[in-house]
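In what follows, a structure is listed as structure tokens, so that the remarks can point back to it.
Nothing fancy with the numbering, it's 1 onward along the sequence. Bear in mind the structure is a predicted one, so any value in this text is a computation, not a measurement.
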Amino acid sequence: GVEVGPQPQGVIRADILEKMRKIVKHGLDFVQLFNEGQEFPPCTIEAYKIMEKVDYPRNKNDEVIAIIHPKLQDQDWQPLNKGDPLFLTLAGKVIEYKGDSTFYPAFINEAAYYEKKHAFVKTVKVKLTAELLRSETR
């Protein structure tokens, strides 16, 4: 499967649709070249691994008491460091990130995840390495 985003639920965006088309085309091109016997050299790419799901701050009645901080909104995949703002309470208090290691938030403030109690996910950068790839049917 291919999921391309972010985009709001129920919205079709031309720019996102075009990105999806390009990804699918490249995938099909790869399959064709692989089936024709082309070898693909080893490679390494950066990817993001989900480490933790983070909920909104809540009170003892399980009610959300803070929203995504404006400086975090729309900053998916950007590094977040100790002291950076995460949430803003309805009273105007900033809740900062207190961890010691940098992480890369994703799916920030996605409407589809409210009911799952996810304000965002914490990801870390990882390197993925692929060995030489070739069809065994040659």
When every non-hydrogen atom of T102 is compared with those of P79, the smallest separation belongs to CG2-CB, 3.8 Å

Taking it one step at a time, do K122 and I50 satisfy side chain to side chain contact (heavy atoms under 4.5 Å, CB included)?
CA-CA 6 Å; K122 288 183 176 181; I50 294 175; over 6 Å; no

Non-hydrogen atoms of L80 and P105 that approach each other most closely
CB-CD, 4.0 Å

Can you tell me if N61 uses its side chain to pair, donor with acceptor, with the backbone of E63 under 3.5 Å?
no

Using distance alone, with no hydrogens and no angle criterion, decide if Y114 and N109 have a side-chain donor and acceptor under 3.5 Å apart.
yes

Do H69 and V94 come within less than 4.5 Å of each other through their side chains, counting heavy atoms only?
yes

What pairs with R58 under side-chain contact (heavy atoms from CB on, under 4.5 Å), at least two apart in sequence or on another chain?
D55, D62, V64, K117

Measure the spacing between CD1 of I108 and CG of L72 and express it to the nearest 0.5 Å.
4.0 Å

Under-4.0 Å salt bridge between K25 and D29:
yes

Using side chain to side chain contact (heavy atoms under 4.5 Å, CB included), reason through E18 and M20 one step at a time and then give a plain yes or no.
CA-CA 5 Å; E18 184 57 29; M20 184 270 309; over 6 Å; no

Have a look at Y104 and tell me which of Y97, Y48, F120 forms a ring pair (Phe, Tyr, Trp, His ring centres under 6.0 Å) with it.
Y48

Contact list for residues 81-96, test salt bridge (charged side-chain N to carboxylate O under 4.0 Å, His left out), sequence neighbours left out
K82-D100

Do L132 and F40 have side-chain heavy atoms sitting under 4.5 Å apart?
no

Check for me, please, whether F30 and I23 land in the same ILVMFWY cluster - side-chain distances under 4.5 Å, paths through other members count.
no

Could you report the tightest heavy-atom contact between Y56 and A66, atom names first, then the distance?
CD2-O, 3.6 Å

Would you say that I45 contacts K127 through its side chain, given a criterion of any heavy-atom pair below 4.5 Å between the two side chains?
no

Enter the distance from I95:CD1 to T89:OG1 here, rounded to the nearest 0.5 Å.
6.0 Å

Does W77 reach the side chain of T123, with side-chain heavy atoms less than 4.5 Å apart?
yes

Considering all heavy atoms, the nearest L88-P70 contact:
CD2-CD, 4.2 Å

